[in-house]
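All figures in this text were calculated on a predicted structure; none of them were measured in a lab.
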Amino acid sequence: MHTSPRSPHTIAHKKAVPLSDASRKWEIALRTVLVFPVGYVAVSLYTASLSLVLPMPRAQAVLASTMLSFALYSVFIIWAYAASALRKVVLVALIAAALPTVHLLCTAVIK
């Protein structure tokens with residue numbers, strides 16, 4: 001049996017291209033500008049959306065969704081700096097903000 005140096009069952013991994021110091025600084029600055037305002041808006045939308053969905057009295061639902069928002073915001077910030085690509089951060093942030101926005105718009109239209 002002939003085996004080639006590259007088996008069809010192996011996955012080729014791309015090596016990360018190291019960024020220059022200036023490029024890395026710009027990427028961190030862009031992530032910071034993106035993460036804090038966009039993350040805050042997305043988490044605020046989730047808080048409003050969850051407060052409408054949670055099956056408990058209104059005051060308790062608002063309190064529970066607000067407490068959960070602190071954890072969501074922290075996880076989003078940590079993930080945004082740990083993500084491998086800035087494009088992925090932008091895409092996930094936009095999708096994350098779109099989901100509760102659609103829910104809130106549909107809730108407003110139905111009422």
Side-chain angles (χ1 to χ4, degrees):
M1 179 170 146
H2 175 65
T3 59
S4 65
R6 185 178 205 137
S7 172
H9 300 292
T10 60
I11 299 173
H13 294 287
K14 291 183 180 179
K15 290 187 178 181
V17 178
L19 297 173
S20 67
D21 286 340
S23 296
R24 185 72 183 145
K25 288 178 183 177
W26 274 109
E27 184 176 340
I28 291 171
L30 287 172
R31 286 180 194 239
T32 303
V33 167
L34 174 78
V35 164
F36 288 101
V38 174
Y40 182 79
V41 169
V43 169
S44 297
L45 289 168
Y46 271 104
T47 302
S49 180
L50 279 174
S51 68
L52 296 174
V53 173
L54 290 176
M56 51 184 69
R58 180 70 57 189
Q60 289 179 355
V62 170
L63 183 62
S65 63
T66 301
M67 289 190 297
L68 182 61
S69 72
F70 291 114
L72 286 174
Y73 194 42
S74 299
V75 167
F76 180 72
I77 290 171
I78 292 168
W79 174 81
Y81 285 105
S84 59
L86 184 60
R87 269 188 214 157
K88 187 187 297 185
V89 175
V90 172
L91 184 63
V92 168
L94 292 176
I95 291 171
L99 293 174
T101 302
V102 169
H103 174 254
L104 290 170
L105 289 173
C106 289
T107 304
V109 169
I110 292 172
K111 287 184 179 181

Other than Val53, what residues sit in its cluster of Ile, Leu, Val, Met, Phe, Trp and Tyr side chains whose heavy atoms are under 4.5 Å apart, directly or through others?
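Taking Ile, Leu, Val, Met, Phe, Trp and Tyr as members, Val53 stands alone, with no cluster partners.
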Side chain to side chain contact (heavy atoms under 4.5 Å, CB included) between Leu99 and Tyr46, worked out
CA-CA 8 Å; Leu99 293 174; Tyr46 271 104; 3.7 Å; yes
Measure the spacing between [atom1] of [X] and [atom2] of [Y] and express it to the nearest 0.5 Å.
X     : Y      : atom1 : atom2 : result
Ser65 : Leu72  : OG    : CG    : 10.0 Å
Leu50 : Thr66  : CG    : OG1   : 9.5 Å
Leu54 : Ser49  : CG    : OG    : 9.0 Å
Ser69 : Phe76  : OG    : CZ    : 14.0 Å
Leu45 : Leu105 : CG    : CG    : 9.0 Å
Thr47 : Phe70  : OG1   : CZ    : 8.5 Å

In this structure, would [X] and [Y] fall into the same cluster of hydrophobic residues linked by side-chain contacts under 4.5 Å?
X     : Y     : answer
Val75 : Leu91 : no
Leu34 : Val41 : no
Val43 : Tyr81 : yes
Trp79 : Val90 : yes

Under 3.5 Å donor-acceptor, [X] side chain and [Y] backbone:
X      : Y     : result
Thr101 : Ala97 : yes
Tyr73  : Ala42 : no
Arg31  : Ile77 : no

Do Arg58 and Leu52 have side chains that approach each other closer than 4.5 Å (heavy atoms only, starting at C-beta)?
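Yes, their side chains come closer than 4.5 Å.
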